[in-house]
Amino acid sequence: MEEGKVRMYVCGPTVYNLIHIGNARPMIVFDTVRRYLEYKGYEVNYVSNFTDVDDKIIAKANEEGVSAEEISKRYIEECKKDMAAMNVKPATTHPLATEEIGGMIEMIQTLIDKGYAYPVADGTVYFRVKKFSEYGKLSHKNLEDLQSGFRALQVSGEEQKEDPLDFVLWKPKKEGEPAWPSPWCEGRPGWHIECSEMSKKYLGEEIDIHAGGEDLIFPHHENEIAQSECCNGKQFARYWMHNAFLNIDNKKMSKSLGNFFTVREIGEQYDLQVLRFFMLNAHYRSPLNFSRDLMEASRNSLERICNGAQRLQFLEKNAVAVDMTAAESEELQKIKNTYIGKFEEAMEDDFNTADAIAAVFELVKYANTQVNEESSGAYVHGVYGILKQMCDVLGLIIEKEEELLDEDVENLIAERQAARKAKNFARADEIRDQLSDMGIILEDTREGVKWKRA
RNA sequence: GGCGACAUAGCCAAGUGGUAAGGCGCGGGUCUGCAACACCCUUAUCGCCGGUUCAAAUCCGGCUGUCGCCUCCA
């Protein structure tokens, strides 16, 4: 909407527990969208909320005998740790629903004033769905479909609605629940109005991109559209992006099936970069199946990229020639066009990260076969730069911190080298095993001995 | 019942009209004292049936299979 800028809202998690790997998918996917837009020079105002008042949070609080606030604060902190471990950038703003109640009340009041909402006797406020003729435009549902497919089981409070399709904007407090004063009753906001308000406050009445999991299309996003467009009189979001689900053994993840994994659990077994790679290896709109085998495959794949990157760093550091030759300069421009070209083309085709990753692998192959000891430092640096640029956009970290080994380890490596020279391979292998037990893996490359952490 | 999505090699996964990217894995080989890394070679005619077209994984129809959503559930 505004030259050089993007306003983007992503529905965030309800913080009643550690986030699971299903929650991680939109975080990783839309963080990558953001990174690409920033890479292209856009200034991205990225807003993602935490839903910190909700039945599940309250239930958890009662279970533990603490306040709802204590629960939500705790899991917001844990969620931020997981996000950092997945290399998900913090949002420009992470609003909390409970801190935006005033704005929500104002929006609800406006909707009532315009005739789009109505309070009932107990103080509940409902949205009058039939008043908004475009209701269903996002989820491709029409009111007849909704009514014909209407479930026989009705929720409590149904009898006070004007129409079964109407949804809650404000609900009265129940015993022991957190509540805020409002013109209608002491209570708390409905879930949908929270996002409408937070999006409006931090991004404005119209935004460029609104994103979230595909399960949110109906009713959550449909209801957000109804609320925001009726309240503000403007188109709410220009683009909607929805990621498909992450399944386990082709089934929706759920606690009852026992196929529920938190990001924290996976992080104990794998570097979460592997999880990130795994998710980006498929298109965000395709359902993705999660399994241990697939994580193993992803780990191996990612390692290939990291190995290639480390080799380049090594070659650069040990390059004999410093400056690029004219031929190298020309070649660098050529590969930039080829690989960055393919990468951008993929990303600009609805963020086809799987295809973009293929471009990364092709560059790695190029580097492994065409870049060598005879390449100039500047040239190697240039190739590495291209690789790093692509990986940065994907949020994959390939740059390892320069790490110094302690003296004992250094000495062991030196001793092993001496043993190898003396053809005392038994001793050499013994040392290698010893280092392996310490978590250090040695590789005898043509360029010298390299090591890495297991 | 209503609405919608998907079906490509052992596995994951790109590819929406011109004769199948990439990765993992398997097997063979080169390099290495060995191992690892890397490199080379090898691994598919795209769920089934029919149609449109000079040409289809790609378009149309039918069938089969899997999955998602259907109002206080994130």
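Letters A, B, ... are given to chains in the order of the sequence lines, protein chains preceding strands, and every chain is numbered from 1. Computed from heavy atoms alone, side chains included, the values below leave out hydrogens, waters and symmetry copies.
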* Just by distance, with hydrogens left out, do A/R420 and A/Q417 show a side-chain donor and acceptor under 3.5 Å apart? -> yes
* Asked: Out of B/U71, B/C69, B/G23, which has the shortest distance to the side chain of A/D215?
  -> B/C69
* Before accepting this row, confirm whether a basic side-chain N of the pair A/K137/A/E229 lies closer than 4.0 Å to the acidic partner's carboxylate O. => yes
* **Residues A/R416, A/D444: salt bridge by 4.0 Å N-O rule** => yes
* Structure fact -> Taking for A/N23 and for A/D444 the nucleotide of RNA chain B with the nearest heavy atom, the one nearer the 5' end belongs to A/D444
* Structure fact -> From the candidates B/U71, B/A14, B/C72, the one with an atom nearest any side-chain atom of A/S286 is B/A14
* Same-atom distance (C1') from B/C54 to B/G17, integer angstrom -> 12 Å
* **Nucleotide nearest A/S301 when distance is taken to its side chain, options B/A14, B/G33, B/G23** => B/G23
* Structure fact -> By nearest-nucleotide position on RNA chain B, the 5'-leaning member of A/T369 and A/L294 is A/L294
* Structure fact -> Taken to the nearest whole Å, CZ/A/F245 to P/B/A5 is 17 Å
* Asked: If you check every side-chain atom of A/Y126, which of B/C39, B/C73, B/C72 has the closest atom?
  -> B/C72
* **B/U71 OP1/OP2 closer than 4.0 Å to side-chain N/O of A/R128** => no
* Would you kindly say whether A/E344 and A/Y39 are connected by a side-chain donor-acceptor distance under 3.5 Å? => yes
* Would one find a side-chain N or O of A/K365 under 4.0 angstrom from OP1 or OP2 of B/C40? -> yes
* Which nucleotide in the list B/C73, B/G33, B/A21 gets nearest to the side chain of A/K342? -> B/A21
* **Selection from B/C72, B/G15, B/C34 that lies nearest to any side-chain heavy atom of A/R420** => B/C34
* To do: Kindly assign one of parallel, tilted or perpendicular to the pair A/F343 and A/Y36, based on the angle between their ring planes and the thresholds 30° and 60°.
  => tilted
* Asked: Is it the case that more than 12 heavy atoms not belonging to A/K336 sit under 6.0 Å from its NZ atom?
  -> no
* For B/U66, what is the paired nucleotide under Watson-Crick or G-U wobble rules, both distances under 3.5 Å? -> B/A5
* **B/G22 phosphate, OP1 or OP2, under 4.0 Å from A/N281 side-chain N/O** => no
* Structure fact -> Ordered by number, residues from residues 351-362 of chain A within less than 4.0 Å of RNA chain B (heavy atoms) are A/N352, A/A354, A/D355, A/A358, A/F361, A/E362
* Asked: Is a donor-acceptor pair below 3.5 Å formed from side chain A/R432 to base B/A35, judging by atom type as modelled?
  -> yes
* What is the distance, rounded to the nearest whole Å, between atom OH of A/Y284 and atom P of B/A14? -> 13 Å
* Residue A/F218, side-chain heavy atoms: nucleotide from B/C70, B/C73, B/G33 that is nearest -> B/C70
* Using both distances under 3.5 Å as the test, list the Watson-Crick or G-U wobble partner of B/A38, or none. => B/U30
* To do: Ignoring the backbone of A/D54, work out which of B/C72, B/G15, B/A74 is nearest its side chain.
  => B/A74
* To do: Taking only the side-chain nitrogens and oxygens of A/N368, find out if one of them lies under 4.0 Å from OP1 or OP2 of B/C39.
  => yes
* Distance only, no hydrogens: is a donor on one side chain within 3.5 Å (strictly under) of an acceptor on the other, for A/N223 and A/Y135? -> yes
* To do: Report yes or no: do A/H221 and A/H192 form a side-chain donor-acceptor pair below 3.5 Å?
  => no
